[in-house]
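Quick one: this structure, given as structure tokens, is what I'll be asking you about.
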2 protein chains.
Amino acid sequence: MPDRDLQYLAELAAQLRVDSVRAAAEAGSGHPTSSMSAADLMAVLFACHLRYDFEHPEHPANDHVIFSKGHASPLLYSLYKAAGVISDEELLSFRRRGSRLEGHPTPRLPWVDVATGSLGQGLPVGVGVAMAGRLERLPYRVWVLCGDSELAEGSIWEAAEHAGSEGLANLTAIVDVNRLGQRGPTRHGWDTGAYARRFGAFGWHTIEIDGHDPGQIDFALGDARNTRRRPTVILAKTRKGEGVLEVENREGAHGKALKDPDKAVQELGGPRSVRVEVQRPEVDATPFRFASNGMKLPSYQVGEQVATRTAYGAALAALGSARGDVVALDGEVADSTKTETFAKEHPERFFEMYIAEQQLVAAAVGLQVRGWKPYAATFAAFLTRAHDFIRMAGVSGADIRLVGSHAGVAIGEDGPSQMGLEDLAMMRTVHGSTVLYPCDANQTAALIAEMADLEGVSYLRTTRGDTPVIYPPGERFTVGGSRVLRHTPGDRATIVAAGVTVHEALAAADDLQADGIPVGVIDLYSIKPVDTAVLAEAATTTGNLITVEDHRAEGGLGDAVLDAVSELGPRVVKLAVTDLPGSATPREQLADARIDRHAIADAVKRLL
Amino acid sequence: MPDRDLQYLAELAAQLRVDSVRAAAEAGSGHPTSSMSAADLMAVLFACHLRYDFEHPEHPANDHVIFSKGHASPLLYSLYKAAGVISDEELLSFRRRGSRLEGHPTPRLPWVDVATGSLGQGLPVGVGVAMAGRLERLPYRVWVLCGDSELAEGSIWEAAEHAGSEGLANLTAIVDVNRLGQRGPTRHGWDTGAYARRFGAFGWHTIEIDGHDPGQIDFALGDARNTRRRPTVILAKTRKGEGVLEVENREGAHGKALKDPDKAVQELGGPRSVRVEVQRPEVDATPFRFASNGMKLPSYQVGEQVATRTAYGAALAALGSARGDVVALDGEVADSTKTETFAKEHPERFFEMYIAEQQLVAAAVGLQVRGWKPYAATFAAFLTRAHDFIRMAGVSGADIRLVGSHAGVAIGEDGPSQMGLEDLAMMRTVHGSTVLYPCDANQTAALIAEMADLEGVSYLRTTRGDTPVIYPPGERFTVGGSRVLRHTPGDRATIVAAGVTVHEALAAADDLQADGIPVGVIDLYSIKPVDTAVLAEAATTTGNLITVEDHRAEGGLGDAVLDAVSELGPRVVKLAVTDLPGSATPREQLADARIDRHAIADAVKRLL
């Protein structure tokens, strides 16, 4: 590299440091020192290797840059300023109310793919974006800036395993090994070899460099671009706070503005007005999509016994034929969730993520960055493993579809470790989420199709055992709707159920009718958003609601109903799982949890 | 090893296979094939290397056996039968209602330390038990049986990193590399070298063996016992369903009873009555505990401005001095959570788990297996990373204490990735959990002390910013209680708050009083269990409740209140975080989320 270029890169990096210091100083908080350590790395990436059209962030051939160490946001925003897409004035709005330049990057900025800030997530999401690139046959590269501290997260090694095994050569992790975590030194300090051995064992090409030497950085990034069949990790030894004596390589300087920012800026050579001309992508490629044919959802006859998980698998396979943008991901349980039906019909867009639920969800988030419609499924219980990823997907506004099978005690003998009993609560709390819980096969098929065009995180819960089909084929079910299954003007109470308990509620209604007690039954298949109008009507007409769910008493269907009708003041009795189940048959489980037909009928009688 | 011994081990292993087949056949479900692959490994462990007094499972010097592949429960129960602690009749009660022999092992059995069945958890918990052994200076060993499929879980590599870096030589992972996962072949098949490279890179001693050769197994287990300064992983190549042609090394034979169990039993040489004499621990050691001195909780003067996280740190340090069994764990944020106060006073029982929240919680679970009282803290938001571990801790009935800092939008500028907004919902759904959310420093200190003797999973939520002290030092706060802070007979509504919103509620009450609207204020510091009596009284006297919480609207304080009073039919208005926050100051955040004093006063006026 000619001296002229080295000089330019040093100037650019110095400006990035200066601007990081200034932005944090103006905000009075933020992470300047974590930005300064990675300034040279990003200066060389943006100036020499990145292919990105800042005027067209949606350009399909654009590279992707993900700051897995999201707290280095001052550096990212300083890069945007150097690229000419934000002004110095906007840079100094960092962390202020209403500013797009938040404490941690979010997709409110058009050049940010996903929100980061919960560590260990950017690399797994980057794996998903790299999977998308391979699938759509585009030559873009994914560059993920990681911190060294976050390599302690297991999710990083799920990503390392998947990318290494799949040979995702379009993925490069750049690790800013600045040796200092939040409260003190990292486990491995500057021992880049420790990290290289780990990534190497997982099948990655590894490069160890001085992260402040532009020549070495340039060579490493070029090496990464030229490497075939393997992802590359660049392990760059850096100094946190590089360039400013007050904070350079010192403990206790994490996550705060510098004490004397003016002096620091001077020490860094003062403000500059260096621009970086990021190269545009060379090709104007069209992303590949699979063929789309007519939609033919599976249909089931009323009275048939079919598990909703079976209907999910069949519906997803049909949806795949109908739409060339639908893809499916599995956590090594596709024979149980029934994603295998999709896998058999569309093997080229079925992704086996093995037992790594964090990477399962992160891959879905990465795929939707490029416009794919991912459905990711595992046992409902094991989606809790990915809770933080689902939470962050909500912050990203990512359009992903999750399906959790083996809901509730109704699974039977396997016992509590396999029972999804907390999933409705978890999914309801996610920002902007949709939560669906169908009770029969036709309803499941219809809702699976409905999910394809939903925004945000959507979730559908399926049941392991067979349940009777109660809705005729072709009926439409909208998100936010419900179905009144039983209703007479003389109803003395209304039972609100979903999924497996709908059938128990119907049976209880029969029993009560025989005892001279007419009750209504509502199938509340949409838990969020919830059908407030129908619930309000029931609350005001009968005044007595009984909710029944195969889920813990906290945060599920019962709470959704209480929330919807609380201002109306009906009496509400919640039936839900409150004890710790053991092994038993599905029927025994429902009885023991007191959510079966008999328990429902008893509850109605007690209430009246 | 003499031929006689080899013959005995083969007989024992055959019996374990026979009994696994029989138990699953009787149940009509279960995992016989996953049991059969590991039968030789466990036969040699129990016969030759394990030190365990089955008559005294609480013996401090007992080794610990954890089936991380919990679905191999038929093998575990067959071992118990061979050890003479369960009868053949009980063995055949497998998976039946009321039986202790559940589908996946739980501590209902006195020889089971923790519930398993969610894969990838047994090894991280084993790390915690090994940490306890080192801390209490006991010579026991921890043997963890892992499946090969579960090595895809990131939590396994969090465990590998911690155990490798700490050199936990008392920990041995025995991996049953049977090549077949649930739906098909694993990623690495029989390539034990792939796993050895990975564990080796993380600092483990690795041994690759034929898992059906008793001599090799014996040598490997002996090697593990003799290895110093490093944990050992034994990578054993095995065949799933070993010994029965119908299922041996075949796909599609996972997780189901054999079709022809009688033929299989014959093929395995028929039933036997082999006993295994497990050696008792040689020593009768007393576990080391730290000195216990008098309790002197920190105290704060009313009116002082103190963050509850600060009070947590100080109280935990005081508790550590008062009790020799208290230990603390950190997710590399002790300077933020304030666990650092404990770390400074009690460095020898402070555990830095780095940014690995699954291992953080698992280590706490492992430590409590040996009677320690662990407190584990990180940001409330990042506890979602460990949701599945917390869920399983509930199934285990583990006594662990979690503390989540940086709750809610009140953290300010850092933005949504760092805000704990889903933690109350998550923690409430956990079986047998306790959820606490103090509003001032003295209350925090009292509740931290209270937690030490709680059973099950308990959680306390702290606030980042300073809040005024409103309770005098020394006041007692019981779990399940509340405090009525404002109350007059003329109250027209009652505001129910906790944590940061208590102070907003008090300010709103002042404003309303000035407007001639008297309202009550309840500090609901115990979210679960909740003070139903006090809430019921408010519901029936004023009839109007306003709940306000710095948490999402789903599953938190508001839902807890609705649940408590639903049968009484008061009008309830819930104020909670419903939008996606950005960056802003704490005060702006509370205003934007409409949970500040003004929003509360407005809500009261609208309601009346």
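Hydrogens, waters and symmetry mates play no part in the numbers below; they use all other heavy atoms, side chains included. Each chain gets a letter, A, B and so on, in the order the sequences are listed, and its residues count up from 1.
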Practice prompt. Could you check whether the rings of B:His387 and A:His387 sit parallel, tilted or perpendicular, using 30° and 60° as the cut-offs?
Written response: tilted
Worksheet entry | Heavy-atom side-chain proximity of B:Asp414 to A:His104 below 4.5 angstrom | yes
Fill in: Donor-acceptor contact below 3.5 Å, side chain B:Arg552 vs main chain A:Thr429
yes
Worksheet item: OG1 of B:Thr384 to CE of A:Met392: how many Å apart, nearest 0.5 Å?
Response: 9.5 Å
Worksheet item: Any ion pair linking B:Glu352 and A:Arg187 (charged N to carboxylate O, less than 4.0 Å)?
Response: no
Worksheet, complete the sentence: With chain B, the option among A:Leu545, A:Val572, A:Thr578 that has the most non-hydrogen atom pairs under 4.5 Å is A:Val572
Discussion item. Between A:Gln589 and chain B, with a heavy-atom cut-off of 4.5 Å, which part of the residue counts as in contact: side chain, backbone, both or neither?
Written reply: neither
Response to the item:
In terms of heavy-atom pairs under 4.5 Å with chain A, the winner among B:His431, B:Glu567, B:Glu102 is B:His431
Response to the item:
Okay, A:Asp330 and chain B: the region with an atom under 4.5 Å from a heavy atom over there is side chain
Discussion item. If you compare all heavy atoms of A:Gln182 against all heavy atoms of B:Glu332, which two are closest, and at what distance to 0.1 Å?
Written reply: N-OE1, 2.8 Å
Worksheet entry | Toward chain B, the part of A:Ser29 with a non-hydrogen atom under 4.5 Å | side chain
Practice prompt. Quick one: which of B:Lys574, B:Gln418, B:Gln121 has the most heavy-atom pairs under 4.5 Å with chain A, could you say?
Written response: B:Gln418
Discussion item. Please classify the contact between A:Ser165 and chain B as side chain, backbone, both or neither, with a heavy-atom cut-off of under 4.5 Å.
Written reply: side chain
Discussion item. Measuring only between side-chain heavy atoms, which start at C-beta, is B:Glu422 closer than 4.5 Å to A:Met426?
Written reply: no
Worksheet item: Which bit of A:Met419 is near chain B, if near means a heavy-atom gap under 4.5 Å: side chain, backbone, both or neither?
Response: backbone
Worksheet item: Are B:Glu413 and A:Arg96 ion-paired here, with the side-chain N under 4.0 Å from a carboxylate O?
Response: no
Worksheet item: Who wins among A:Glu340, A:His551, A:Arg428 for the most heavy-atom pairs under 4.5 Å with chain B?
Response: A:Arg428
Item to complete: Indicate the atoms forming the closest heavy-atom contact of B:Asp388 with A:Ala381, along with that distance.
Response: OD1-O, 3.8 Å
Worksheet item: So, does A:Arg391 use its side chain to make a donor-acceptor pair with the main chain of B:Ser417 at under 3.5 Å?
Response: yes
Worksheet item: Is it true that a side-chain atom of B:Arg198 and a backbone atom of A:Ala201 form a donor plus acceptor pair closer than 3.5 Å?
Response: yes
Discussion item. Quick check against the 3.5 Å criterion: does B:Glu158 have a side-chain atom that pairs as donor or acceptor with the backbone of A:Gly154?
Written reply: yes
Worksheet item: Is there a donor-acceptor pair under 3.5 Å between the side chain of A:Ser583 and the backbone N or O of B:Gly103?
Response: yes
Worksheet item: Of the backbone (N, CA, C, O) and the side chain (C-beta and beyond), which part of A:His254 lies under 4.5 Å from a heavy atom of chain B, both, or neither?
Response: neither
Worksheet item: Is B:Arg197 close to A:Arg197 at the side-chain level, that is, under 4.5 Å between some pair of heavy atoms?
Response: no
